[in-house]
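A quick write-up on the structure given underneath.
Just so it is clear: chains get the letters A, B, ... in the order the sequence lines come, proteins before strands, and each one is counted from 1. Just so it is clear, the structure is predicted and the values come from calculations on it, not from any experiment.
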2 protein chains.
Amino acid sequence: MLQNHLQLTCKLMSDHRQPTPAESLIAAQGGRITRTRVAVLDVLLAADQSLTHDEIAAALAAQGIKHDRVTLYRTLDWLVDVGVAHKMAGDDRARRFGVAASGPHEHAHFHCDRCGKVVCLEGLQPAVAVNLPGGYQLDRAELVLHGACPSCGKDV
Amino acid sequence: MLQNHLQLTCKLMSDHRQPTPAESLIAAQGGRITRTRVAVLDVLLAADQSLTHDEIAAALAAQGIKHDRVTLYRTLDWLVDVGVAHKMAGDDRARRFGVAASGPHEHAHFHCDRCGKVVCLEGLQPAVAVNLPGGYQLDRAELVLHGACPSCGKDV
DNA sequence: GCGCAAATGCTACTATGTTGCAAAACCATC
DNA sequence: GATGGTTTTGCAACATAGTAGCATTTGCGC
């Protein structure tokens with residue numbers, strides 16, 4: 001993986017350009033630098049909220065990047081697998097994706113019930129050292145806050 | 001709604017039988033007492049975990065109750081609308097339904113990552129009086145704990 | 001029982017996600 | 001730069017979850 005990184009750096013230097021954050025992230029996971037992966041990661045990194053598969057596809061299309069629906073699904077799954085992105089189920093049946101925070105992705109999400117947006121609240125760690133009934137083994141906790149986001153709340 | 005309840009009681013007395021909890025619950029919401037609603041509610045009341053649409057359909061079929069897939073969807077939606085049941089999105093794309101706890105349904109769920117079961121943890125209220133960024137209006141909090149349930153955890 | 005509104009059942013449709021396989025792209029090596 | 005093996009992509013077909021419209025049935029107030 002370090003080797004990959006070095007080789008990427010090498011290749012890029014011969015191209016006379018710097019690796020983008022997205023490219024570095026992908027190389028660090030031992031994955032190949034492909035058009036789709038870089039573009040998807042760029043979109044996710046630029047977004048301040050979780051995006052559905054559909055929204056990402058629209059963003060790619062807007063950039064003129066040709067891609068297949070299936071490829072996007074597989075790219076997103078790969079990003080989740082290697083831990084770069086995280087996947088979460090919303091109230092609608094569409095899954096949403098976002099770049100994972102550093103460390104174990106135990107952070108809270110805020111779901112706006114009016115516009116449907118989902119944003120990550122990084123500095124918000126739920127204190128779940130609660131009284132879990134006997135026998136249950138806790139791996140991780142997921143906290144979803146529902147309400148109105150700033151842009152929706154001000155219109156009320 | 002009180003009138004509804006009285007009329008139901010009246011009707012049932014003439015039938016020489018008591019209203020079941022499910023029938024009372026439905027009547028209390030001003031809804032008609034139908035085969036499907038009573039059966040669905042019975043299933044939900046008897047279950048100690050959230051059920052998918054599919055599982056409920058199987059339970060109804062096991063009781064020999066004929067029903068349409070669409071009817072079940074609409075029945076479940078109605079139960080959620082009137083506040084008797086609650087709906088939650090799992091990691092798979094299937095929604096799960098359960099009877100709502102008394103009071104505002106602010107209770108935690110436990111999701112077993114091995115068998116996929118979802119159980120309600122009634123006495124578990126997350127302390128979410130946390131530092132929400134400015135502008136956000138909090139309506140309700142949803143806490144989902146992930147890990148292994150007693151029956152899965154003991155096999156490890 | 002009678003009539004009306006609510007609920008059901010049917011068909012068809014949309015949206016989301018998956019599988020298998022051949023073609024193309026990536027990149028390590030020469 | 002060309003080459004070759006492996007990964008990734010694109011395509012087509014399929015699978016699952018949920019929705020819409022409308023005619024028929026059913027609960028229930030009278």
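- There is no path of hydrophobic side-chain contacts, each under 4.5 Å, that joins A:Met88 to A:Leu72.
- Straight-line distance from the CD atom of B:Gln29 to the P atom of C:dA7: 12 Å, rounded to whole Å.
- Residue A:Arg95 places at least one side-chain N or O under 4.0 Å from the OP1 or OP2 atom of C:dG17.
- Put simply, CG on A:Asp77 is 13 Å from C1' on C:dT19, counting in whole angstrom units.
- Contact check, A:Thr34 against D:dT9: a side-chain N or O comes under 4.0 Å of OP1 or OP2.
- The phosphate of C:dA7 (OP1 or OP2) has no side-chain N or O of B:Thr71 nearer than 4.0 angstrom.
- For the OP1/OP2 pair of C:dT8 and a distance below 4.0 Å, the side-chain nitrogens and oxygens of B:Arg35 include no atom meeting the criterion.
- Within 3.5 Å, no donor on the side chain of B:Arg74 pairs with an acceptor on the base of D:dG18, nor the reverse.
- Remark: A:Thr75 is in phosphate contact with D:dT9, judged by side-chain N or O atoms under 4.0 Å from OP1 or OP2.
- For A:Arg32, whose side chain is taken as the heavy atoms from C-beta onward, the closest listed nucleotide among C:dC10, D:dG10, D:dT7 is D:dT7.
- The distance between atom CG of A:Asp54 and atom C1' of C:dT14, rounded to the nearest whole Å, is 12 Å.
- Following rounding to the nearest Å, A:Leu72 (CG) and D:dT9 (P) show an atom-to-atom distance of 10 Å.
- The distance between atom CD1 of A:Ile26 and atom P of C:dA25, rounded to the nearest whole Å, is 17 Å.
- Across the protein-nucleic acid pair, A:Arg69 atom CZ and C:dT14 atom P stand 14 Å apart, rounded to whole Å.
- Computed from coordinates, the A:Ile65 CD1 to D:dT9 P distance equals 12 Å when rounded to whole Å.
- Contact between the side-chain N/O atoms of B:Arg37 and the OP1/OP2 oxygens of C:dA7 is found at a separation under 4.0 Å.
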